[in-house]
Amino acid sequence: MPPASRPLEPPRAEREEGTLPALPGAQMGPVVLRFAPFPSGPLHIGNARAVVVNDEYRRRYRGRFLLVIDDTAGSAEKKILPEAYDLIREDLTLLGVTPDEVHYKSDRLERHYAFLPRLFAVDRAYVCLCDGPTLTRNRRAGIACPERDLPREVQEERWERMLAGGYRQGEAVVRLKTSMQDPNPAFRDRVLFRIWEGEHPRVGTRYRVWPMLEFSWAVDDVELGITHVIRGKDLVMEDQMETTIWESLGIRGPLFLHWGLLSVRDAKISKSKSAAEVLSGQYDGWADPRTWSFRSLVRRGILPEAIRSFILGFGLSQADITVPAEALYAENRRLLDPVTPRRIFVPDPLEVVVEDWPEDLRIGRLANHPERPDLGQRELPVDGRFLLPGEDLRARASQEIRLKDLANIQLSGKPSQGSWRARFTSRPNKDIPRLQWVPFAGSVPVSVLMVDGHRVEGRGESSLATGTPGEMFQFERFGFVRRDTEPVPADGTPRFVFAHG
RNA sequence: GCUCCCGUAGUCUAGUGGUCAAGGAUAGAGGCCUCUCGAGCCUUUGACGCGGGUUCAAAUCCCGCCGGGAGCACCA
């Protein structure tokens with residue numbers, strides 16, 4: 001009968017609830033949320049908030065969660081990456097989020113086209129024939145475009161001509177009539193449609209007139225029945241645009257809610273840089289830890305549940321925040337620690353020979369978990385020759401140290417001929433530095449991929465040689481690791497990925 | 001510069017006029033543990049940006065200031 005131990009199930013699922021405020025005007029059932037990524041790469045930690053918060057509200061209100069791939073034409077700086085369509089869907093699955101519906105912006109152009117005449121009808125849109133620089137200059141100066149007040153018939157005719165290919169890229173745009181005197185220069189007669197003659201990865205060259213984000217959403221949020229748009233406050237001007245459009249038509253749209261900017265201090269979230277490094281082969285694919293993609297986090301053994309509670313802990317505050325990755329690790333550690341077996345890994349191993357090793361001490365018994373006797377133990381044969389972590393060894397060159405769970409030894413200064421000498425002192429536990437060890441004979445090479453992309457090589461206990469990809473261990477005095485799902489290299493060295501300490 | 005947003009401990013967050021001499025998490029410090037100087041457990045340090053007002057009473061409401069951030073694209 002094992003003594004009292006921790007519960008088997010990961011603790012504190014209950015902590016998850018209650019951190020997000022109630023959704024204004026929401027009722028059970030009819031709530032419809034959306035997550036709308038631009039397909040330029042896989043989802044990364046920066047998208048986590050949008051996914052988790054919207055999904056959380058879906059769960060709470062038993063509503064619907066729509067994935068709307070925001071794949072309008074983009075720009076030179078923001079290019080669609082064709083494979084991102086699949087990557088994004090896989091990443092949602094990784095997080096345990098299943099969209100109720102999936103839509104593609106690029107499938108909806110006809111709807112956007114069909115909507116625009118409603119704005120002509122209320123005299124709130126016009127076709128502007130200024131070139132780009134002129135448009136910008138006039139906007140800044142508050143000067144109206146000469147085409148602005150041409151009659152509706154002319155606007156509609158020019159619109160038809162745009163659709164028919166009568167203008168080249170850059171020659172015409174459709175603009176919303178707000179006011180050229182609006183105090184916010186950015187808000188003066190923003191562009192609704194522009195011409196783009198490139199080839200789209202999904203719809204090819206079928207369309208040449210593309211809506212801007214704000215207009216497409218003014219249409220889609222209403223047509224898709226979105227009730228709440230919850231996203232970062234960097235998009236507030238888009239709210240204003242949508243609202244302006246709806247008000248001019250007497251349409252009632254969804255409610256907008258925002259959170260402030262979240263940056264993870266230790267994660268350089270440069271999506272474009274990551275993409276470049278991945279595509280050039282500098283990085284180890286989209287799951288390279290340096291990308292901070294969802295898949296890289298999962299590869300490291302960060303549980304979706306940890307990402308969830310990490311995010312939900314921020315609530316919906318509009319303050320801009322910078323959090324250390326440690327906060328995410330703390331969530332993960334809390335879930336992992338109670339259930340994760342311990343193993344021995346010795347980084348940068350150095351040989352230590354204990355010359356007077358006792359004859360009768362031939363087996364080391366190590367608990368698989370310090371607080372879970374029910375998880376059993378394993379036995380390691382010992383003979384006086386060990387591998388110890390180099391860094392610790394050098395720092396304790398002539399001290400007495402404890403081989404954790406085994407015996408105490410006195411190190412005798414500097415190494416000779418590549419190995420260190422030591423004398424056996426005693427067996428019982430002692431309050432001296434405790435180091436992890438592995439028998440010199442019967443250990444295996446182990447490689448651990450760290451967050452910065454470098455590998456720590458070392459030796460581990462022999463049981464690490466084989467196992468199931470994805471299994472988690474805590475390497476004592478090293479950190480939590482996950483057996484890599486990438487193929488084992490030709491030399492057979494088992495590979496792990498470092499999660500955190 | 002203009003528009004908008006935000007300001008509770010090192011960091012993140014709870015708090016919507018009294019029950020707050022401000023709660024939690026994480027980090028820090030100290031201790032514990034038949035044994036992780038990197039896990040765990042316990043204890044502990046530490047905060048309402050500043051100045052005015054309103055009120056019997058303000059972290060909570062109002063004004064000003066200071067500080068921080070975002071946006072200002074024919075990108076999303």
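Letters A, B, ... are given to chains in the order of the sequence lines, protein chains preceding strands, and every chain is numbered from 1.
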Tell me whether the side-chain N/O atoms of [X] come closer than 4.0 Å to OP1 or OP2 in [N].
| X | N | value |
| --- | --- | --- |
| A:R188 | B:U3 | no |
| A:R342 | B:U36 | no |
| A:R139 | B:C74 | yes |

Considering only side-chain heavy atoms of [X], which listed nucleotide, [options], is closest?
| X | options | value |
| --- | --- | --- |
| A:V191 | B:G40, B:C74, B:A76 | B:C74 |
| A:S75 | B:U26, B:C75, B:C35 | B:C75 |
| A:A186 | B:C74, B:C35, B:C72 | B:C72 |

Between the base of B:A76 and the side chain of A:E238, is there a donor and acceptor pair under 3.5 angstrom?
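Answer yes: a donor N or O sits under 3.5 Å from an acceptor.
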Looking at A:W210, I'd like to know if the NZ or CZ of A:K105 sits under 6.0 Å from its six-membered ring centre while staying within 45 degrees of the ring's axis.
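Checked: cation-pi criterion not met.
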Could you label the plane-to-plane angle of the A:F256 and A:H258 rings as parallel, tilted or perpendicular, counting under 30° as parallel and over 60° as perpendicular?
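Rings of A:F256 and A:H258: parallel, as their planes differ by under 30°.
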Charged N-O contact under 4.0 Å between A:R394 and A:D348:
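Yes.
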Taking for each residue the nucleotide of RNA chain B bearing the nearest heavy atom, is the 5' side occupied by A:M237 or by A:L403?
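Per heavy-atom nearest nucleotide, the more 5' residue is A:L403.
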If a protein heavy atom is under 4.0 Å from the base, mark B; if only from the sugar-phosphate, S; if neither, -; do that for nucleotides 4-16 of chain B going 5' to 3'.
-BS----SSS---
NA contact type, A:T72, heavy-atom cut-off 4.0 Å: base, sugar-phosphate, or nothing?
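Result for A:T72 = sugar-phosphate.
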Without swapping roles, check the side chain of A:N368 against the backbone of A:L375 for a donor-acceptor pair under 3.5 Å.
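Yes, the answer is positive, given that a donor and an acceptor are paired below the 3.5 Å cut-off.
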Expected output: side-chain A:R188 to main-chain A:R140 donor-acceptor under 3.5 Å:
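Confirmed, A:R188 side chain pairs with A:R140 backbone.
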Using a 4.0 Å cut-off on heavy atoms, which residues in residues 131-138 of chain A reach RNA chain B? List them by number, or say none.
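By residue number: A:D131, A:G132, A:L135.
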